[in-house]
4 protein chains.
Amino acid sequence: MATPQQPRRGDTRRRIQDVALELFAERGYEKTSLREIAEHLDVTKAALYYHFKTKEDILISITDDLARPVDELIAWAQSQPRTLATKQEVLRRYSDVLWGAAALFRFMQENQATVRELSIGESFRSKVSALNGLLTESESTLTAQVRSCTALFALHAGMFAMQGIEADPEEKRAAILEVALDLVAQAEAAVTA
Amino acid sequence: MATPQQPRRGDTRRRIQDVALELFAERGYEKTSLREIAEHLDVTKAALYYHFKTKEDILISITDDLARPVDELIAWAQSQPRTLATKQEVLRRYSDVLWGAAALFRFMQENQATVRELSIGESFRSKVSALNGLLTESESTLTAQVRSCTALFALHAGMFAMQGIEADPEEKRAAILEVALDLVAQAEAAVTA
Amino acid sequence: MATPQQPRRGDTRRRIQDVALELFAERGYEKTSLREIAEHLDVTKAALYYHFKTKEDILISITDDLARPVDELIAWAQSQPRTLATKQEVLRRYSDVLWGAAALFRFMQENQATVRELSIGESFRSKVSALNGLLTESESTLTAQVRSCTALFALHAGMFAMQGIEADPEEKRAAILEVALDLVAQAEAAVTA
Amino acid sequence: MATPQQPRRGDTRRRIQDVALELFAERGYEKTSLREIAEHLDVTKAALYYHFKTKEDILISITDDLARPVDELIAWAQSQPRTLATKQEVLRRYSDVLWGAAALFRFMQENQATVRELSIGESFRSKVSALNGLLTESESTLTAQVRSCTALFALHAGMFAMQGIEADPEEKRAAILEVALDLVAQAEAAVTA
DNA sequence: AATGAATGAGGATTCATTCAT
DNA sequence: CATGAATGAATCCTCATTCAT
């Protein structure tokens, strides 16, 4: 039965991703150097290059792994009827996805200027855009569209920006979701009315 | 008479601020080098240092100039009764402030990770926090609090993140404000009820 | 076989130290740029940073290596009786140490203003001070104390400042040592008398 | 009459020299920037250039003013018989000169590496050399020559390097002079014997 | 699977100096 | 008598990346 004490073998790749994401989210992409990442892992910079072609590649690999659920969510939603129930389920699931990979989404939100110039930028933007499209009916009121859109951003903002509100994290998350659900409901109401 | 060919003459300091903010907002703070700024202005890097002590100092000076209205708004709000009307007026004025210095606030939003490590980070955070405090009643429902908070972020997000919605900018801005106003109204209703 | 054409191979670190010390002693610490050092070695500036964290670090490493004998001398002297014989042996050995790392001590002497602001400054000062304490009896005449002190500085000055006197280096060194030995003898005599 | 309150007029040139010397002696020539000097005087860098052609020029002017006594001393000594009495008087007067312009000589001693590359370097070296020549008889013993030389350096070292010895400054200075006088006496004795 | 040694490009910053006003 | 504005050259240092071993 192996030596569990050992710093694991073979999973270096994942450890790099973990540390990199942590640092990227903490200090920003540009301000995080490969030297830092390597030092945190007690490895050489060159070791990183054995596992990844470039710095950007590390980020891409992280995104590939962690953002897949968003694609799955979009795919699922596209196969459903465009009802209020679906939209609300999208929000519920999106909330799960967001909290499941909080570090990555925090990173995306706090490094938008940087990410925009990276290859993942476009793909991320298009995902958010797709989600938005699923929630919004382009023929409805401008106000209704904004409401749907806001529902989405409420979830985003809720992850980190609402630290002013003190409450049990899970309760807070529930409250945020509630507000978001309500927003799409109102948006829908405007159309149906 | 009138303005001669070269627009330089004492206004270099302001020109630096303008170009810097433009580039910071466009490409991010870290990725914008002083060389770039200097080249855009057709000046030497050293000239920048005649006007500002450090790179960060350029940003600080911009913030000092452009974020003052936020402080004024906060001061005003603190002298008003904590009624729904006040809160809605805060949102209206904040919307004006935001659009009046769009580039700066866009920068702040898209470079959060960077800004957090800069001296302006804390001061910006505390301003948003103060505004939040003015909109939120800490003894009200969690949901109500989230709603107030969301009103604020709707304005923020509205500036750049809602590009999916195609409409006349002014109309869109009005719609966003309307949603925000509605959110605080709903929050207030919960308390009063 | 034997040493091939290129003498590089793991000894880069030492080569940097050698060239750096040479240039520091020749042109002064501030006036010696890392570019110069790199060029003398036919390496990139960045290579220096692979081996040393900072410019000051290069100097520190040199001092660590070359000033050790002084510490050993101090330690030895402290384990001996405070007799004239011991003091004279201290001077003899110090003379050896000084001439054994002439470039470093020349540097220290000719860059005092600079060194004072560097981390090695304090440690160097304290070494000289310790040596002085070993030669001087604080309860003896002021003149006697000055004489002991002068003995030490005669050795220092002798290394470079006495170029006016033309003579065989070794003979000159012997003469300087003789004068120094004589000075402590006179100092001691005053006490004993 | 007149306004003595005023920050003096016309003596700016001297004030620059004073501040410059103070800073040069304190932090070293290279590490003292013209900006620093200007700031200490509450003037613009450009103002310095009104009074002096270059940074080096400031130092030259200081040296010209303060080192003149050394030239006078040398001239006087050359007109005297080469007796022990003369040599001792040279030391006495040199001690006065040294303590009369302590900052300058401290600077010279602690910035030798820098000074060597400046135009004043050669002139300073030649003065010390001339003094040495006046104290030393080239046909005497090597040891005797070293003794004379050491007498001179004892005075130099005495100014700053003997801070380990605690005593009233004037008494210390007297003791140092005594040791120096004694050294040339011993040197002379060897020849006469 | 990883290291040791190095590079080239570029970063922010500082300096002595100039000159029109 | 002095300033305000600017420059060109240099500084130390950091970074992502490479490659032979």
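Chain identifiers are assigned alphabetically (A, B, ...) following the order of the sequence lines, protein sequences preceding nucleic acid strands; residue numbering begins at 1 within each chain.
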Check whether any side-chain heavy atom of A:L21 sits under 4.5 Å from a side-chain heavy atom of A:I58, and report yes or no. no
Any heavy-atom pair between the side chains of B:M108 and B:L104 that's under 4.5 Å? yes
Without decimals, in angstroms, what is the distance between [X] [atom1] and [N] [atom2]?
{"X": "C:I16", "N": "E:dA6", "atom1": "CD1", "atom2": "C1'", "answer": "11 Å"}
{"X": "C:L48", "N": "E:dG8", "atom1": "CG", "atom2": "C1'", "answer": "14 Å"}
{"X": "B:E30", "N": "F:dT14", "atom1": "CD", "atom2": "P", "answer": "15 Å"}
{"X": "B:R13", "N": "F:dG4", "atom1": "CZ", "atom2": "C1'", "answer": "14 Å"}
{"X": "B:D57", "N": "E:dA12", "atom1": "CG", "atom2": "P", "answer": "14 Å"}
{"X": "B:E56", "N": "E:dG11", "atom1": "CD", "atom2": "P", "answer": "18 Å"}
{"X": "B:E36", "N": "E:dA9", "atom1": "CD", "atom2": "P", "answer": "18 Å"}
{"X": "D:L34", "N": "F:dG4", "atom1": "CG", "atom2": "P", "answer": "17 Å"}

Name the residue closer to the 5' end of DNA chain F, choosing between B:A46 and C:A46 according to the nucleotide with the nearest heavy atom. B:A46
Atom CZ of A:R125: over 12 foreign heavy atoms under 6.0 Å: no
5′-ward residue of the pair D:T32/B:K31 relative to DNA chain E: B:K31
Would you kindly compare C:V43 and A:Y50 by the position of their nearest DNA chain E nucleotide and give the one closer to the 5′ end? A:Y50
At under 4.0 Å, does any side-chain N or O of [X] touch on OP1 or OP2 of [N]?
{"X": "D:R35", "N": "E:dA16", "value": "no"}
{"X": "C:T12", "N": "E:dA5", "value": "no"}
{"X": "D:H51", "N": "F:dA2", "value": "yes"}

Closest nucleotide among [options] to the [X] side chain:
{"X": "A:S33", "options": "E:dT14, E:dA2, F:dA16", "result": "F:dA16"}
{"X": "B:Y49", "options": "E:dT13, F:dA6, F:dT3", "result": "E:dT13"}
{"X": "A:K55", "options": "F:dC13, F:dA6, F:dT17", "result": "F:dT17"}
{"X": "C:T44", "options": "E:dT14, E:dA6, F:dT18", "result": "E:dA6"}

Which value, rounded to the nearest 0.5 Å, describes the distance between A:K45 atom NZ and A:E39 atom CD? 9.5 Å
Checking N1-N3 plus N6-O4 or O6-N4 for Watson-Crick, or N1-O2 and O6-N3 for wobble, each under 3.5 Å, the partner of F:dT21 is E:dA2
Tell me which nucleotide, if any, is Watson-Crick or G-U wobble paired with F:dA16 when both distances must be under 3.5 Å. E:dT7
Distance-only side-chain donor-acceptor flag, C:S61 / C:Q17, under 3.5 Å: yes
